[in-house]
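Quick caveat, the model's predicted, so the values are computed rather than measured. The chains referred to below are lettered A, B, ... by the order of the sequence lines, with proteins before strands, and numbering in each begins at 1.
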There are 2 protein chains.
Amino acid sequence: MNKLHSQTLPCMLQLARRDQRAIDLAKAKRVQKWQRDPEGMRLRILEAAKQEFAAHGLAGARVDRIAANAGANKRMLYYHVGNKEDLYLAVLEGAYEKIRSEERGLDLEHLDPPEAIERLIDFTWNYFLRNPEFLALLNTENLAKARHLKRSTKVKSMHSPFVEMIRTVVTRGVESGDFRVAVDPVQLYISIAALCFFYLSNSATLSVIFGRDLLKKEARDERLAHMVALVLAALTGKSTADFGKPATSGVRPPAHQPV
Amino acid sequence: MNKLHSQTLPCMLQLARRDQRAIDLAKAKRVQKWQRDPEGMRLRILEAAKQEFAAHGLAGARVDRIAANAGANKRMLYYHVGNKEDLYLAVLEGAYEKIRSEERGLDLEHLDPPEAIERLIDFTWNYFLRNPEFLALLNTENLAKARHLKRSTKVKSMHSPFVEMIRTVVTRGVESGDFRVAVDPVQLYISIAALCFFYLSNSATLSVIFGRDLLKKEARDERLAHMVALVLAALTGKSTADFGKPATSGVRPPAHQPV
DNA sequence: GGGGAAATTAACCCGTTGGATAAATACTGG
DNA sequence: CCAGTATTTATCCAACGGGTTAATTTCCCC
């Protein structure tokens with residue numbers, strides 16, 4: 001859209017920060033056309049790149065659009081990060097770093113095993129909801145058969161802390177009698193991620209197929225309840241109220257019917 | 001790779017079929033450079049397009065490569081199907097048609113409710129395994145926010161027969177006492193698809209993250225067993241042998257350990 | 001057996017896009 | 001305050017890629 005003029009738009013003013021110094025310098029001497037801000041520039045480039053790659057995939061992403069949306073000149077991308085693929089890998093690594101970092105903040109050790117699992121599902125679900133670009137980036141990378149990820153030493157060393165967390169939670173749950181069986185933590189982790197990921201990542205096509213908006217508030221709430229109930233029922237053997245309604249067949253609330 | 005010569009390679013000979021007539025005509029008169037076969041050409045184009053779109057996404061797909069792999073001239077794509085987007089939509093519609101068609105062949109009505117669910121999971125899993133392009137196409141379409149699907153009247157009218165099938169299976173299961181609760185069939189359908197889809201669609205990145213090959217035979221078998229056990233345990237309240245091993249923590253079989 | 005529509009090929013067009021180069025401008029240390 | 005470096009801008013371009021035009025060949029039917 002704003003292809004032409006945004007491209008040449010300098011990071012002009014940057015009012016919010018460094019404003020004092022900018023004003024000082026400006027009135028001290030001639031009016032400045034632009035201002036240095038390498039770190040800020042790099043961040044804006046990566047953010048714009050993330051949005052672009054998430055919205056269009058690797059091949060569909062346009063370097064010029066990234067530059068425009070970063071309020072930078074195209075040359076800046078190559079200067080601060082590298083070529084398109086470098087840019088893409090940097091974005092991917094940043095995305096993994098971010099989720100791993102948030103994961104680490106979530107301590108499940110102090111919770112009852114069932115509560116810990118619920119919290120894990122809740123976190124995963126909401127993280128995906130809050131970061132839809134992450135889903136898109138993962139899909140893009142899988143389309144490329146993880147070609148870039150394989151070359152990234154950085155990501156390979158960032159193991160999800162969840163697997164070990166889950167292992168101890170499951171062990172504790174079995175010992176306390178809350179859980180009936182010990183499940184492979186990797187399988188459980190993948191299953192929880194799957195339940196959340198697929199629903200959100202494929203909500204566009206699913207919404208068309210089922211003729212109802214899967215992203216509206218009620219649908220999201222219903223989904224979260226379903227996932228928690230499904231996993232906990234399997235682990236504990238006790239079904240919760242939210243999992244299902246009485247056996248009479250077609251009596252879902254109106255909101256859930258296909259339009 | 002074979003960009004240059006494949007492009008101009010005519011659908012020469014087509015030895016397998018129409019061979020008799022081809023031979024007749026060839027020896028009757030001058031040697032033929034190529035042979036008419038509009039339906040076959042269309043099929044080969046769509047097949048090549050499917051592979052190309054699945055491997056590279058919509059933006060990454062190359063029209064010339066499709067032509068080359070179809071053994072056709074680039075002009076043929078436009079002559080028989082349309083431009084790149086038409087081609088893409090045709091492929092997408094074909095993919096949906098195919099899975100819906102196979103789904104219809106699976107009758108769950110005559111099975112015990114738990115068996116029916118197991119069969120449903122088994123089918124979904126194996127269909128995705130046998131048709132990896134389908135997963136890639138769905139991801140690509142979701143990246144495009146289902147933009148094309150929304151415009152396809154064809155796909156919108158192809159409802160998955162599974163939803164109603166599942167509804168009756170669940171009802172029967174509740175009535176027979178096999179299932180403890182009535183679950184929303186749409187949620188259950190999405191969950192089953194999710195468990196299968198995510199694992200396979202994201203196997204590339206997951207394999208890197210976990211440092212083990214998720215697609216090798218043992219891993220696939222283990223996954224299928226896990227999914228069936230998870231869903232059935234939630235529905236019936238009874239855990240099966242495959243779901244988990246005894247409570248002792250780190251004693252997964254060696255095959256399951258990260259390398 | 002040949003006229004003409006259908007199918008296919010060959011060659012070209014032109015906007016786009018990733019990337020490169022060199023010049024201009026701001027900042028920093030001495 | 002100035003010299004040298006860091007950062008940004010203004011252009012350029014060659015390759016690519018989707019799509020088109022026109023000629024060529026095949027085959028069906030009268």
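- Atom CG in N73(B) sits about 10 Å away from atom C1' in dA11(C), given to the nearest Å.
- For K98(A) and E133(A), the salt-bridge test fails: no basic side-chain N is under 4.0 Å from an acidic carboxylate O.
- Computed from coordinates, the D64(B) CG to dT20(D) P distance equals 14 Å when rounded to whole Å.
- Between the CD atom of E52(A) and the P atom of dT17(C) there is a distance of 10 Å, rounded to whole Å.
- Listed by chain and number, the residues in a salt bridge (Lys or Arg N to Asp or Glu O under 4.0 Å) with D221(A) are K217(A) (sequence neighbours excluded).
- Evaluation of the side chain to side chain contact (heavy atoms under 4.5 Å, CB included) rule for L129(B) yields W125(B), N126(B), L200(B), R220(B) as partners, not counting sequence neighbours.
- Remark: Y96(B) engages F134(B) in a ring-ring contact (aromatic ring centres under 6.0 Å, His included) (not counting sequence neighbours).
- With respect to the salt-bridge test (charged N to carboxylate O, under 4.0 angstrom), the residues E39(B) and R42(B) do not qualify.
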Atom pairs, protein N/O to nucleotides 21-24 of chain D N/O, distance under 3.5 Å:
unit_1, atom_1, unit_2, atom_2, d
dA22(D), N6, R75(B), NH1, 3.3

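- One can place OH of Y88(B) at 15 Å from P of dG19(D), the figure rounded to the nearest angstrom.
- By the side chain to side chain donor-acceptor pair (under 3.5 Å) test, R62(A) pairs with no residue at all, sequence neighbours left out.
- The distance between atom CZ of R42(A) and atom C1' of dA6(D), rounded to the nearest whole Å, is 16 Å.
- Whole-Å rounding puts the L87(A) CG to dG18(C) C1' distance at 12 Å.
- Residues K50(B) and E47(B) are paired through a salt bridge, judged by an N-O separation under 4.0 Å between the basic side chain and the carboxylate.
- Every residue two or more places apart in sequence or in another chain was checked for a ring-ring contact (aromatic ring centres under 6.0 Å, His included) with H56(B), and none qualifies.
- dC16(D) atom C1' lies 8 Å from atom CZ of R62(B), rounded to whole Å.
- Residues passing the side chain to side chain contact (heavy atoms under 4.5 Å, CB included) test with E93(B) are L89(B), S152(B), K154(B), V155(B), sequence neighbours excluded.
- Here A49(B) pairs with F53(B), I66(B), L87(B), V91(B) under the side chain to side chain contact (heavy atoms under 4.5 Å, CB included) rule; sequence neighbours left out.
- Qualifying side chain to side chain contact (heavy atoms under 4.5 Å, CB included) partners for A146(A), counting only residues two or more places apart in sequence or in other chains: E141(A), L149(A), A204(B), T205(B), V208(B).
- Distances shorter than 4.0 Å separate none of the side-chain N or O atoms of R36(B) from OP1 or OP2 on dA6(C).
- Nucleic acid contact for A59(A): none, since no nucleic acid atom lies under 4.0 Å from a heavy atom of the residue.
- A search for salt bridge (Lys or Arg N to Asp or Glu O under 4.0 Å) contacts involving R147(A) returns E85(A), not counting sequence neighbours.
- Helix-axis bend for the helix from dG1(C)-dC30(D) to dG30(C)-dC1(D): the local axis fitted to the five terminal pairs at one end deviates from that at the other end by 10°, rounded to 10°.
- Of all the residues in residues 76-84 of chain B, Y78(B), N83(B), K84(B) reach under 4.0 Å from DNA chain D with at least one non-hydrogen atom.
- For Q32(B) and dT8(C), the shortest distance from a side-chain N or O to OP1 or OP2 is not below 4.0 Å.
- Between H56(A) atom NE2 and dG18(C) atom C1' the separation is 16 Å, expressed in whole Å.
- Donor-acceptor pairing under 3.5 Å, judged by distance alone, is absent between the side chain of D37(B) and the base of dA7(C).
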